[in-house]
Amino acid sequence: MFPLSALVFLVAGIATVTKASSSSCIGTISSLNDVSSAIKCTTVNINAFTVPAGKTFELQLLAGTTVNVLGEIQFGNKSWAGPLFEVKGSNITFNGNNQKWDGGGPFYWDGKGTNGGTTKPRPMMHILMSGTLNNVQVVNTPAHAFSVANSGPLTISGVTVDDSQGNQPNSKSSGLAAGHNTDGFDVSGSNLLIENSTVINQDDCLAIGRGTNITFSNNYCKGGHGISVGSISSNVVVSNIDISGNNVVNSAYSFRIKTDKSATNSAVKDVTYNANTATNCTQYGVLITQSYPTDLGTPGNGVTISNINFNPGTTSLTGTNSAYMVAVNCGTGSCTGTWDWSGLETIGGKAGSITNNKVITGFTQ
Ligand SMILES: *[C@@H]1O[C@H](CO)[C@@H](O)[C@H](O)[C@H]1NC(C)=O
Ligand SMILES: *[C@@H]1O[C@H](CO)[C@@H](O)[C@H](O)[C@H]1NC(C)=O
Ligand SMILES: *[C@@H]1O[C@H](CO)[C@@H](O)[C@H](O)[C@H]1NC(C)=O
Ligand SMILES: *[C@@H]1O[C@H](CO)[C@@H](O)[C@H](O)[C@H]1NC(C)=O
Ligand SMILES: *[C@@H]1O[C@H](CO)[C@@H](O)[C@H](O)[C@H]1NC(C)=O
């Protein structure tokens, strides 16, 4: 009896040691063919290479893996659904080392984004991991850049999305900006911090579709549609959102909460804007609307929006002469709770309309 259980322990012990030591190897990826063996290691180094057109570069990593990106990643050009890159795993340390990921945007851009024209692979970067992801430089995304549905707590920092080339029209865009629907970060996860990052694009810098405990701080957003909660569809909750210390420049909107006109059974609650700066806003500084996709249409009231605060730090907004600085379009009775906007300061632009909102305090325009 005793010797047998001792033997079982001994065998189990050897198995554990063997497993641990075999995954402590260093895997190296220089082509997609290397992926299946490299991901058996808890250190994965990625060299410069081109992902073949029509394939996803997918990393399904062991818990605790460290990834080091050591060269530029390019993607073959092909009209297909994507995604181009996907990473899964828990407690991952993903070191981008400021290496470039080039999505080949100009090959796809036609001014139509995901609303028509060429099928564009999206998202470019599908982030399903927990841990930390830093210093990833993404350029020329075909459409949406990062889609984040993290499996556990995740910090993203020092990331750049640069689609500035998409601001120019091309031969397929009929005079419009060639890049379109190039969202920076589309978020549907919880316990997420996105910090010290830059997005230059033609759509939302951040768009939170669902999730709780999400902080977006000290980021720079240029030229797109600013920082958004939404659009909110049916049966989702967005809560405990902290938007702090960001700088939004030359954007159509700066701070937006948009709920689908037809959405039901959803809630947006506890959103705090603290010490942000937005300059040269061109359409709406702050827009809270329940008539999405129309900016100021007849609102629905199937989504409750509660506790939306601009404080304690001052959020300052400047706009062009034709921009509306603040517009709020609530369905009857669906904007509730505390809306202390004493930290909101607007300069220039025009006053927008505020309808069906009886809860804003500390701010008049
Ligand atoms: C996360 O992974 C690191 C190695 O990168 C390890 O030291 C740490 O213990 C892991 N933490 C958890 C909670 O598993
Ligand atoms: C894809 O097309 C774009 C735009 O023409 C180009 O910049 C990029 O280098 C191409 N990618 C590859 C891998 O050839
Ligand atoms: C909120 O998210 C952050 C970032 O991932 C995490 O560090 C923190 O523990 C989370 N808070 C709670 C209460 O889960
Ligand atoms: C963001 O930058 C600040 C200032 O440089 C730094 O203190 C902080 O640690 C950075 N955040 C992350 C998650 O790296
Ligand atoms: C304001 O933003 C618009 C739109 O991005 C841009 O065309 C214009 O040059 C900007 N103005 C200044 C003064 O930066």
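Indexing begins at 1, ligand by ligand and atom by atom, following the structure's order. Side chains included, hydrogens not; waters and symmetry mates left out as well; all remaining heavy atoms used.
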Parallel, tilted or perpendicular: which fits the ring planes of Tyr284 and Tyr253, with parallel below 30° and perpendicular above 60°? parallel
Which of the atoms of ligand 2 are close to Pro106, meaning less than 4.0 Å from one of its heavy atoms? 4 (C)
What disulfide (SG to SG under 2.5 Å) pairs are there with at least one residue in residues 320-365, not counting sequence neighbours? Cys330-Cys335
What are the atoms of ligand 2, with element, lying closer than 4.0 Å to any heavy atom of Phe107? 2 (O), 4 (C)
Checking Asn167, Asp163, Asn181 against Gln202 for side chain to side chain donor-acceptor pair (under 3.5 Å), the one that qualifies is Asn167
Could you tell me whether some N/O pair between Asn250 and ligand 5 is separated by less than 3.5 angstrom? yes
Asn77 heavy atoms within 4.0 Å reach ligand 2 at atoms 1 (C), 2 (O), 3 (C), 8 (C), 10 (C), 11 (N), 12 (C), 14 (O)
Please check whether Thr282 reaches ligand 5 - meaning an N/O of the residue sits under 3.5 Å from an N/O of the ligand, judged on distance alone. no
Quick one about Ser228 and Asp204 (side-chain donor to acceptor, distance below 3.5 Å, no hydrogens or angles considered), yes or no? yes
By side-chain hydrogen bond (donor to acceptor under 3.5 Å, both in side chains), which residues pair with Glu86, not counting sequence neighbours? His126
Any Val237 side-chain heavy atom under 4.5 Å of Arg210 side chain: no
What atoms of ligand 2 come closer than 4.0 angstrom to any heavy atom of Gln74? 13 (C)
Disulfide (SG to SG under 2.5 Å): pairs with one or both residues in residues 265-295, sequence neighbours excluded: none
Asn309 and Asp340: side-chain donor and acceptor closer than 3.5 Å? no
Inventory of protein N or O atoms under 3.5 Å from ligand 3 N or O:
| from | atom 1 | to | atom 2 | distance (Å) |
| --- | --- | --- | --- | --- |
| ligand 3 | 2 (O) | Asn213 | ND2 | 2.4 |
| ligand 3 | 5 (O) | Asn191 | O | 2.7 |
| ligand 3 | 11 (N) | Asn213 | ND2 | 2.9 |
| ligand 3 | 14 (O) | Asn191 | OD1 | 3.3 |

Looking only at heavy atoms, the pair that brings Lys120 and Ala143 closest together is CB-CB, 4.2 Å
